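One structure is given here, and the rest of the page talks about it.
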Amino acid sequence: PWQRQRYWLPKRADAGTSAGFSLPVGDDGGLLGNTVPCASTRLYSVSWPDAAPAWLSEHRVSGRLLMPAAAMLEAFRQAAVRALSDGEVTVQNFVVHRPLALSEEGQSTSWQIAAHPRADGSAELALHEAVPGPNGQPGWRLIASADATSIDTCDADGFGEAESTDNALEPEALYEA
């Protein structure tokens, strides 16, 4: 039962660009991929395993290679920072509608993250997976969604600055018997 076998992850090819009109996003850890020009929405496109980070290959659930929800949340945070032009945002109402299964062995999985800024200073976020559609055109399936707001415009319901309290505990009081 205690057979020592080593298991190594397969090496990935170097990341490349997928579409000729895509512009690299920058230092985001590979979660946003390339910027796709779009009129009123910030749109980012990623293709696994070409441009996605290698550590995604380490997340398996019941043997299936899945994108972690934490990675989706971080991608949403990064997209919101860019869409709202603010370094401090909060992501709310995060919902994973279905898992994003990453393909293995020569196949690819593509997804897009859309950040649509609203007039009130918030943004609507969505992650869609490319699926085969009619007539060979790709269709898109909703994977996750969320809302984002700049921290300055958040409600005072715990997302803004913390209120000071005078209920500080003295460390010596904790150790008195």
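Keep in mind the model is a prediction, meaning the values are calculated, not measured. Count residues from 1 along the sequence.
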Measuring only between side-chain heavy atoms, which start at C-beta, is [X] closer than 4.5 Å to [Y]?
| X | Y | result |
| --- | --- | --- |
| Met72 | Met67 | yes |
| Val91 | Leu73 | yes |
| Trp111 | Leu102 | yes |
| Glu129 | Trp140 | no |
| His97 | Ser145 | yes |
| Arg82 | Leu32 | yes |

First locate atom [atom1] of [X], then atom [atom2] of [Y], and finally report the distance between them rounded to the nearest 0.5 Å.
| X | Y | atom1 | atom2 | value |
| --- | --- | --- | --- | --- |
| Gln92 | Leu125 | CD | CG | 10.5 Å |
| Ser110 | His128 | OG | NE2 | 14.5 Å |
| His116 | Ser122 | NE2 | OG | 9.5 Å |

Quiz item: Testing Asn34, Thr35, Val36 for side chain to side chain contact (heavy atoms under 4.5 Å, CB included) with Leu43, which one passes?
Solution: Val36
Exercise. Check Leu127, Leu65, Leu66 against Leu100 for a side chain to side chain contact (heavy atoms under 4.5 Å, CB included) and give me the one that passes.
Key: Leu127
List the atom of [X], the atom of [Y], and the distance in Å for their closest heavy-atom pair.
| X | Y | answer |
| --- | --- | --- |
| Leu84 | Ala123 | CD2-CB, 3.9 Å |
| Tyr44 | Ala79 | CE1-CB, 3.9 Å |
| Phe76 | Ala126 | CE2-C, 3.7 Å |
| Pro99 | Ile143 | O-CD1, 3.9 Å |
| Ala115 | Pro117 | O-CD, 3.3 Å |

Quiz item: Around Arg118, counting heavy atoms of other residues, nucleotides and ligands shown, do more than 12 lie under 6.0 Å from its CZ?
Solution: yes
Practice problem: Take Ser150 and Glu88, measure what side chain to side chain contact (heavy atoms under 4.5 Å, CB included) needs, and give me the verdict at the end. | Solution: CA-CA 6 Å; Ser150 294; Glu88 296 183 27; over 6 Å; no
